[in-house]
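A short write-up of the structure that comes next.
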Amino acid sequence: MRRVRALVLREPGRPPEVEDLGIEDPRGGEVAVRVMASGVCRSDLHVADGDWAFPGPVVLGHEGAGVVEAVGPGVAEPGVGDPVALSWYWPCLACADCQRGRPWACARTGANDHLQPDGTTRLRDASGGQVLAYLSVGTLAERAVVPAQAAIPLPAGVPWEVAALIDCCVTTGVGAVLHAAGVAPGEPVVVFGLGGVGLSVVMGAVLAGAHPLVAVDRVRAKLDLALELGATAAVEAGDDAETLARVREATGGGAAYAFEAAGLPRTAELAIQAVRMGGTAVLVGLPAQGERASFDVERTVEGSVSIVGANYGRSVPAVDFPRLARLYLAGRLPIDRLVEERIGLDAAPRALEALRTGQGIRRVVVFEPGNPRAPGTVVRS
Ligand code: APR
Ligand code: ZN
């Protein structure tokens, strides 16, 4: 049992706190990872606020990257010393959907139980009580033991902060554009919500050649960043009817693809209304459990409008993580622009609060000392 400092949520509504825990060695099919960086995503805030079912005392974080420290029996890859990004939707690799290259549809993943594949956890608190790892990874911690198929090797030279964001917001946003939607060059696109996920949708739409590319948010600074990243128009969200009118005007009568990345029913409804005949609304953001949206059925049918749910961008992490890393290294995907601030683990609760008010994009916890900062590590003041 090794010692590990980790951000633990004891109950929804109560601020999570950094605790000293014990972590067991990896068992068969598992790897131990020394976490080097972890983003703080709105999904962590949903858990902390009780928007989603509370699993019990849990280490938060699911947007992390680090170095493999040890491997359990039977693990051929990754190997000790490999830099890896940690997938929060680890596939069973055996079901029909996994076999068909649709791991995002794997119904047998144990990720939503926040346990390892054998149904147990590797974390214990000071009194010996079990602590879960969020989505089986729990990356707001100095170490994590994860299923080997969740630890995806990355090419060398990717800054840890960038590698961490590839894990969730970048794969979710870029994947929604490239896999769930299949945006073609010259097609009009709108993105509602410009957090880490929404700005990744913008970057993906730029890669795909979308035009025009309209960005919508309430926060001026995020609109400005979206324009810098390649959006061709920015709409400051206010009254829904007015926002919709401005989006329709900016997209030349409606978008071919409208992406929802705020995680709100009202922006999901706007996205569905913002598409043109034959267009597609791609729902990427996750609201609180049970929240519902409504849409005009007749208009949807008459307009042959599609509504697509895109969890994790309908991506294949084993393929997409390295691909996104290579695009970053080639200067084609400016992921580092999403890193608002590098912080220590003790500041993670503050980063969660900042998400609540829509301030900032991604604050990334970087674990030091001993964090060999990858060459070119991003440091934004
Ligand atoms: N119209 C447009 N944008 C809005 C609106 C609105 N009515 N309300 C909020 N937003 C913006 C916020 O200003 C913020 O910039 O939506 C953005 C949400 O970004 P984050 O809170 O940083 O969330 P992020 O981490 O990007 O995740 C977005 O995806 O993975 C899910 O659970 C996650 O639901 C969340 C969503
Ligand atoms: Zn996330």
Side-chain angles (χ1 to χ4, degrees), residues 38-49 51-52 60-64 85-89 104 111 134-135 137-140 164-176 180 190-204 214-226 231 234-244 246-247 258-271 273-274 282-289 291 293 309-313 315 317 335 338-341 351-364:
S38 174
V40 179
C41 169
R42 176 162 282 266
S43 294
D44 296 309
L45 187 61
H46 278 312
V47 181
D49 285 353
D51 294 345
W52 297 343
L60 292 176
H62 61 283
E63 197 171 53
L86 302 182
S87 164
W88 52 258
Y89 200 82
W104 36 270
Y134 184 53
L135 295 175
V137 293
T139 59
L140 285 168
L165 298 191
I166 285 175
D167 265 18
C168 182
C169 63
V170 176
T171 292
T172 299
V174 176
V190 60
V191 188
F192 291 90
L194 301 173
V197 174
L199 287 169
S200 298
V201 173
V202 168
M203 291 193 286
V214 182
V216 184
D217 202 296
R218 298 174 308 176
V219 178
R220 184 71 245 169
K222 296 188 173 176
L223 293 166
D224 294 341
L225 180 53
V235 172
E236 194 157 343
D239 166 76
D240 283 354
E242 188 187 322
T243 302
L244 186 57
R246 292 177 61 197
V247 164
F259 294 86
E260 197 292 331
L264 300 168
R266 68 182 281 208
T267 36
E269 292 174 352
L270 282 179
Q273 296 174 71
V282 184
L283 307 186
V284 183
L286 289 163
Q289 273 172 335
E291 288 204 315
N311 194 30
Y312 223 174
S315 296
I335 299 170
L338 304 181
V339 180
E340 175 93 11
E341 184 183 3
L352 278 172
E353 282 311 306
L355 281 176
R356 196 189 306 283
T357 57
Q359 298 313 312
I361 296 134
R362 272 297 190 270
R363 286 170 176 77
V364 181

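Indexing begins at 1, ligand by ligand and atom by atom, following the structure's order.
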For ligand 1, protein residues within the heavy-atom limit of under 4.0 Å are Cys41, Arg42, Ser43, His46, Trp52, Gly193, Leu194, Gly195, Gly196, Val197, Val216, Asp217, Arg218, Val219, Lys222, Ala237, Ala261, Ala262, Gly263, Leu264, Arg266, Thr267, Gly285, Leu286, Leu355, Arg362
Within less than 2.8 Å of the Zn ion (ligand 2), the count of protein N, O or S atoms comes to 3
- prompt: When you check the side-chain N and O atoms of His62 and Asp44, is any donor under 3.5 Å from an acceptor?
  reply: yes
Rounded to the nearest 0.5 Å, the OG1 atom of Thr267 sits from the CD atom of Glu260 at a distance of 3.5 Å
dist Leu140:CG -> Leu60:CG (nearest 0.5 Å) comes out at 6.5 Å
CG (Leu199) and CG (Leu223) are apart, to the nearest 0.5 Å, by 9.5 Å
Trp52 meets the side chain to side chain contact (heavy atoms under 4.5 Å, CB included) criterion, sequence neighbours left out, with Ser43, His46, Val47, Tyr134, Leu286, Gln289
Taken in chain and number order and not counting sequence neighbours, the residues that satisfy side chain to side chain contact (heavy atoms under 4.5 Å, CB included) with Ala274 are Val190, Phe192, Leu244, Val247, Ala258
With the threshold set at 4.0 Å, does a side-chain nitrogen-carboxylate oxygen contact exist between Arg356 and Glu353? yes
Interatomic distance, CG@Asp167 vs OG@Ser38, rounded to 0.5 Å, equals 8.0 Å
Determine whether a donor-acceptor pair (N or O, by modelled atom type, separation under 3.5 Å) exists between the side chain of Asp217 and the backbone of Lys222.
no
